[in-house]
There are 2 protein chains.
Amino acid sequence: MIQATMMNFPLTLNHILERVVQLYPQTEVVSRLPDHTLHRYTYADFYHRSRQLAESLQLAGLKRGDRVATLMWNHYAHLEAYFGIAASGGVTHTLNLRLHPNDISYIVQHAQDRFLIVDDVLLPFVKQIVTQVQFERIFVVPLSGLPIPEGFESYEDLLATATGDFAYPEISEDDAVAMCYTSGTTGRPKGVVYSHRAMVLHSFAITNVDTFAISSRDVVTAVVPMFHANGWGVPYAAVMAGAKQVLPGPHLDPQSLLNLFEAEQVTFAAGVPTIWLGIAQLLEKEPQRFNLQRIRMAVGGSAVPEGLIRTFDRFHLEVIHAWGMTETTPTATVSRLKPHMAFATDKERYQTRAKQGMAVPFVEMRAVNEDGVVPCDGETMGELQVRGPWITGSYYGDETLQNNFTADGWFQTGDVVNIDSEGYMKIVDRTKDLIKSGGEWISSVDIEGALMDHPDVLEASVVGVTHPKWQERPIAAVVFKEGRQVSKEELLQFLSERFPKWWLPDDFVFVAEIPRTSAGKFYKKALREQFKDWQWDHQE
Amino acid sequence: MIQATMMNFPLTLNHILERVVQLYPQTEVVSRLPDHTLHRYTYADFYHRSRQLAESLQLAGLKRGDRVATLMWNHYAHLEAYFGIAASGGVTHTLNLRLHPNDISYIVQHAQDRFLIVDDVLLPFVKQIVTQVQFERIFVVPLSGLPIPEGFESYEDLLATATGDFAYPEISEDDAVAMCYTSGTTGRPKGVVYSHRAMVLHSFAITNVDTFAISSRDVVTAVVPMFHANGWGVPYAAVMAGAKQVLPGPHLDPQSLLNLFEAEQVTFAAGVPTIWLGIAQLLEKEPQRFNLQRIRMAVGGSAVPEGLIRTFDRFHLEVIHAWGMTETTPTATVSRLKPHMAFATDKERYQTRAKQGMAVPFVEMRAVNEDGVVPCDGETMGELQVRGPWITGSYYGDETLQNNFTADGWFQTGDVVNIDSEGYMKIVDRTKDLIKSGGEWISSVDIEGALMDHPDVLEASVVGVTHPKWQERPIAAVVFKEGRQVSKEELLQFLSERFPKWWLPDDFVFVAEIPRTSAGKFYKKALREQFKDWQWDHQE
């Protein structure tokens with residue numbers, strides 16, 4: 001058989017690192033530090049220090065495939081870790097600083113992390129876990145200006161051990177380069193190990209015009225923490241594109257972010273809906289205060305209410321709804337309108353944009369129920385299954401989790417979805433959050449979205465609560481906007497315009513806030529726990 | 001060592017074919033036929049017929065890796081061949097219909113092509129080669145409406161043998177999917193065999209925002225023939241993006257093209273400078289006649305004179321200068337301005353856009369002379385060497401050609417270039433076209449470009465001619481624009497503003513046209529032959 005004559009050239013992050021210094025050495029990386037000041041340097045500086053990190057880690061004994069944990073906010077040193085650890089042949093293991101210390105300890109032990117790089121402002125957190133785990137060495141990034149405490153080493157001192165005599169180790173594109181544990185709401189955290197190849201292909205997919213269209217002309221901000229699924233791959237993609245990066249550090253409140261967007265002329269940002277919800281509120285209150293560029297805002301992590309997309313359009317900010325998971329590197333789908341949809345009604349366009357969207361190139365998806373693959377009719381529900389070169393095929397070091405994958409090689413996401421005839425996927429619910437009422441299914445996500453479209457409602461979460469007759473019935477927890485209030489009757493009336501009667505919540509609970517997971521998703525387990533002994537008013 | 005947990009999902013054209021029917025079934029493919037009428041169908045039709053082709057080829061006995069030759073203009077059936085032969089597991093071997101029949105015969109034999117798919121209007125050409133080669137079967141695409149002659153089979157009859165019961169064969173992303181022979185001006189044609197992986201990665205690279213930014217919103221025309229280096233990969237990339245395609249068929253004169261661009265609202269086109277030169281002349285003559293969209297025009301194959309870029313800017317048409325070879329799939333560099341260059345002078349911006357540009361992501365380049373890799377100072381010349389996942393690492397079936405590759409794995413392009421501090425590469429000349437005068441080098445390309453900037457000059461080609469004292473001296477062949485004429489003295493004066501005296505041509509020959517290769521490049525071998533017994537006027 002004829003053989004292709006193409007070179008065997010691996011897809012690695014090392015190429016991306018070398019490229020950026022050749023083509024964009026003067027482009028800036030701007031980081032906001034804990035004291036609110038800005039740290040600025042160029043990709044030339046970034047390149048130099050990333051290679052220093054790579055060499056110094058090798059001098060410290062790091063071997064190909066060894067894990068280096070990071071416990072950091074989004075800033076220059078975390079970006080150096082992303083590329084420097086990769087360049088050394090090591091694996092960057094991002095730790096989620098919002099997890100419980102016990103979970104972190106479990107993760108560190110399970111991944112067998114050798115070293116830790118940590119922000120000095122996060123040292124109190126480290127002190128809670130070092131009683132349970134043993135890192136060989138801990139390198140502290142001096143961000144606050146305070147001296148490094150006894151018993152820890154400085155990240156800057158580590159870098160200073162580099163001689164400049166560095167050469168990349170021989171690696172394959174299938175080599176591990178990063179890992180992340182899911183912060184799911186049930187069970188033990190599960191580890192996903194990314195390859196160089198996955199990171200590179202993911203970077204191509206998200207810089208694509210029909211995905212996020214990231215280019216050298218952009219000023220890019222990953223608001224999403226770099227410890228969440230690779231900061232959605234945005235930091236990698238921005239380096240590949242040679243885009244200026246603005247990293248927000250620990251200050252993620254609406255005012256800090258808007259000041260940063262304004263000062264650095266940000267044109268692309270990525271983050272969860274909660275972040276944008278706060279920003280929308282501030283913009284509504286003070287529409288003239290911030291002088292922003294037009295910003296493309298990639299939003300994911302949970303469903304974006306249609307109303308939020310409309311609100312942002314009023315401020316000339318474009319919400320791009322996307323979907324992914326830790327297991328999918330993460331970007332798998334994106335909701336951008338097709339050219340012919342320019343002629344659709346306003347309502348149809350927003351409905352489509354509020355879906356999770358079309359699979360990006362080289363991701364394949366299908367929805368499956370007990371009868372097999374469901375038709376793409378925009379109605380029939382099934383569990384979402386995906387596959388592709390940046391989708392995980394297993395969990396690290398745990399064969400018992402192979403039941404998350406089908407026999408024919410698809411990842412079972414645990415999301416219940418429908419897919420319409422245009423190929424747009426809509427998440428109806430998590431499998432475990434679907435409300436089973438009298439043998440039928442009710443989507444908690446749909447009711448939540450509708451409630452959040454009410455002008456006086458800030459947030460809403462809906463859970464199924466055990467019911468003596470119907471198996472489960474929905475109860476809604478609702479947070480009002482500041483100074484606003486509405487009656488249960490009005491909310492019921494509002495919802496009844498959209499849903500059949502049997503979908504309407506049996507009751508509403510008005511609360512100050514809704515518990516969230518470390519990834520910013522509604523923590524429904526806590527709500528279910530709270531409502532588990534619910535006294536049903538109307539026993540029929 | 002830790003293993004990445006990512007799926008083993010191959011990068012193949014089959015994914016792209018399946019994707020386009022799921023997401024863009026109603027988007028059109030428009031082909032201009034030999035009688036100037038338009039053939040229109042959708043990607044759903046294209047998908048259906050491509051799979052019919054795949055199945056019918058398998059039924060005809062095609063095995064994985066077998067070659068199917070095509071001898072076709074750019075139209076729907078050639079696009080079906082691109083994807084249908086790939087889907088069957090076969091290899092599409094595009095034949096260059098502008099080559100001499102003897103060369104085609106050599107190529108067909110060397111590649112061991114089993115089948116041929118050919119346009120009915122090109123059958124006279126086939127009759128010249130079938131005396132020398134034996135295809136097992138020849139399938140004729142009925143474009144002209146005339147009956148298929150005795151002794152040939154209809155492509156439509158082939159497709160009709162498909163039952164619809166088709167499944168993709170198991171393939172690897174490294175499998176061969178297409179091949180093309182270089183139409184170089186010296187030596188035997190050399191074969192390059194592309195893999196699925198190379199085609200997919202090349203599609204990602206050229207759809208990239210900083211390359212050609214091809215998206216689902218575009219209307220894309222490959223003016224460059226699909227038998228030249230995969231139509232520069234544009235047909236593949238357009239299907240991946242779900243962009244409408246407009247295929248021009250055999251009519252490539254300026255008026256036919258401009259009518260097509262206008263009628264179909266083309267937004268992106270790719271072709272060689274000769275094509276654009278003719279279009280520029282027509283637009284200059286009748287600036288109000290065509291109502292065009294803003295078109296991004298990828299131009300490559302030979303250097304684009306700065307003046308041509310300026311001319312097009314006046315018509316709101318954006319020239320994107322790119323460079324590549326059959327050996328590079330082909331796109332390797334692209335000249336787009338970096339954001340900070342918005343502040344450069346008009347002159348600087350055009351000078352940069354007239355360079356061949358920066359390496360696209362995952363292509364690496366360097367210039368090498370006898371002292372090693374030359375500095376990126378925009379002056380020092382060296383031979384361009386490239387590597388990357390879509391660069392060939394050998395020639396098909398010819399080990400003697402391995403001297404085209406360095407010991408450390410780079411492809412030696414045979415182009416002499418400089419690279420500036422911003423990373424923009426500029427082709428100074430082909431190694432063999434450089435003029436060696438008195439121990440120094442003169443760039444024939446630079447003088448040609450300068451001559452073509454003269455308002456009365458249409459085209460110019462400069463070659464080195466053997467000289468008794470200086471080894472070689474430049475002689476320029478010049479074609480004037482219609483109705484224009486200038487003296488040798490004026491041309492010398494014009495050039496002397498840009499070049500040292502010893503670079504100036506010793507003489508000018510005014511001709512009606514300059515001989516070209518089948519790829520549209522100046523055929524300098526013919527000029528050198530014509531000038532070889534030059535009578536030097538001024539023997540010093």
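The structure displayed is predicted, hence computed values, not measured ones. The chains referred to below are lettered A, B, ... by the order of the sequence lines, with proteins before strands, and numbering in each begins at 1.
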Novice: Of all the heavy-atom pairs spanning A/Phe362 and B/Pro10, show the shortest one and how long it is.
Specialist: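 Shortest heavy-atom contact: CE2-O, 4.3 Å.
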
Novice: Output the option from B/Gln22, B/Arg64, B/Glu18 having the highest count of non-hydrogen pairs under 4.5 Å with chain A.
Specialist: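 Highest number of pairs under 4.5 Å: B/Arg64.
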
Novice: For A/Val192, does its backbone N or O pair with a side-chain atom of B/Thr5 as donor and acceptor, under 3.5 Å?
Specialist: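 The answer is no, because no donor-acceptor pair under 3.5 Å joins these two groups.
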
Novice: Relative to chain B, which segment of A/Thr329 carries a heavy atom at a distance below 4.5 Å: side chain, backbone, both, or neither?
Specialist: side chain

Novice: I'd like to know if the side chain of B/Arg217 reaches the main chain of A/Val209, judged simply by a donor and an acceptor atom lying under 3.5 Å from each other, with no hydrogens or angles considered.
Specialist: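 The answer is no, because no donor-acceptor pair under 3.5 Å joins these two groups.
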
Novice: Given that the side chain runs from C-beta out, which part of A/Val200 has a heavy atom under 4.5 Å from chain B: side chain, backbone, both or neither?
Specialist: side chain

Novice: Heavy atoms only, distances under 4.5 angstrom: which of B/Ser394, B/Ser421, B/Gly242 has the most pairs with chain A? Name it, please.
Specialist: B/Ser394

Novice: So which of B/Arg197, B/Gln112, B/Gln26, B/Glu422 has the biggest tally of heavy-atom pairs under 4.5 Å with chain A?
Specialist: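 With the most close heavy-atom pairs to chain A, the winner is B/Arg197.
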
Novice: Check whether A/Phe411 gets within reach of chain B through its side chain, its backbone, both or neither, counting any heavy atom under 4.5 Å.
Specialist: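 When you check distances to chain B, atoms from both the backbone and side chain of A/Phe411 fall under 4.5 Å.
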
Novice: If you compare all heavy atoms of A/Ile2 against all heavy atoms of B/Met179, which two are closest, and at what distance to 0.1 Å?
Specialist: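 Of all heavy-atom pairs spanning A/Ile2 and B/Met179, the closest is CD1-SD, 3.9 Å.
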
Novice: As an exercise: rank B/Lys63, B/Met240, B/Arg67 by heavy-atom pairs under 4.5 Å with chain A and give me the winner.
Specialist: B/Arg67

Novice: Quick one: closest heavy-atom pair of B/Ser216 and A/Pro339, and the distance?
Specialist: O-CG, 3.2 Å

Novice: Name the region of A/Ile214, side chain, backbone, both or neither, that has any atom closer than 4.5 Å to a heavy atom of chain B.
Specialist: backbone

Novice: Using non-hydrogen atoms and a 4.5 Å limit, figure out which bit of A/Val360 sits close to chain B: side chain, backbone, both or neither.
Specialist: backbone

Novice: Where does B/Ala111 contact chain A at under 4.5 Å (heavy atoms): side chain, backbone, both or neither?
Specialist: neither

Novice: Please state whether the side chain, the backbone, both or neither of A/Met1 comes within less than 4.5 Å of a heavy atom of chain B.
Specialist: side chain

Novice: Is chain B contacted by the side chain of A/Val21, its backbone, both, or neither, given a heavy-atom distance below 4.5 Å?
Specialist: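 The answer is neither part of A/Val21.
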
Novice: At a 4.5 Å cut-off on heavy atoms, which part of B/Val386 comes close to chain A: side chain, backbone, both, or neither?
Specialist: backbone

Novice: Tell me, for A/Ala178 versus chain B, whether the close heavy atoms (under 4.5 Å) come from the side chain, the backbone, both or neither.
Specialist: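 The answer is neither part of A/Ala178.
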
Novice: Using heavy-atom distances under 4.5 Å, tell me whether A/Arg336 contacts chain B through its side chain, its backbone, both, or neither.
Specialist: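 Neither part.
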
Novice: Tell me, yes or no, whether the heavy-atom count around A/Asn8 atom CG, taken from other residues, nucleotides or ligands under 6.0 Å, exceeds 12.
Specialist: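 Check fails, neighbour count at 12 or below.
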
Novice: With chain B, which of A/Gly388, A/Ser195, A/Cys376, A/Gly423 has the greatest number of heavy-atom pairs at distances under 4.5 Å?
Specialist: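 Answer, by heavy-atom pair count under 4.5 Å with chain B: A/Gly388.
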
Novice: Among A/Ala198, A/Gly191, A/Gly409, A/Pro361, single out the residue with the greatest number of heavy-atom pairs under 4.5 Å to chain B.
Specialist: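 Ranked by contacts with chain B, first place is A/Pro361.
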
Novice: Which residue out of A/Gly65, A/Gly393, A/Ala4, A/Ala342 racks up the most heavy-atom pairs below 4.5 Å with chain B?
Specialist: A/Ala4

Novice: Looking at every non-hydrogen atom in both residues, tell me the closest pair between B/Phe9 and A/Glu364 and how far apart they are.
Specialist: CZ-OE2, 3.5 Å

Novice: Quick check for you: among B/Glu173, B/His196, B/His340, B/Lys244, which has the greatest number of heavy-atom pairs under 4.5 Å with chain A?
Specialist: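 Most heavy-atom pairs within the cutoff with chain A belong to B/Glu173.
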
Novice: Would you check if A/Met6 and B/Thr392 make a side-chain contact, meaning some heavy-atom pair closer than 4.5 Å?
Specialist: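 A/Met6 reaches B/Thr392 side chain to side chain.
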
Novice: Counting distance only, does the side-chain N/O of B/Lys338 pair as donor-acceptor with the main-chain N or O of A/Leu23 below 3.5 Å?
Specialist: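 Yes; judged by distance alone, with no hydrogens or angles, the pair exists.
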
Novice: Please report the shortest heavy-atom distance between B/Leu11 and A/Pro389, naming the atom on each side.
Specialist: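 Heavy-atom minimum between the residues: CD2-CG, 4.1 Å.
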
Novice: Between B/Asp66, B/Val91, B/Leu201, who has the most heavy-atom pairs with chain A when the cutoff is under 4.5 Å?
Specialist: B/Leu201

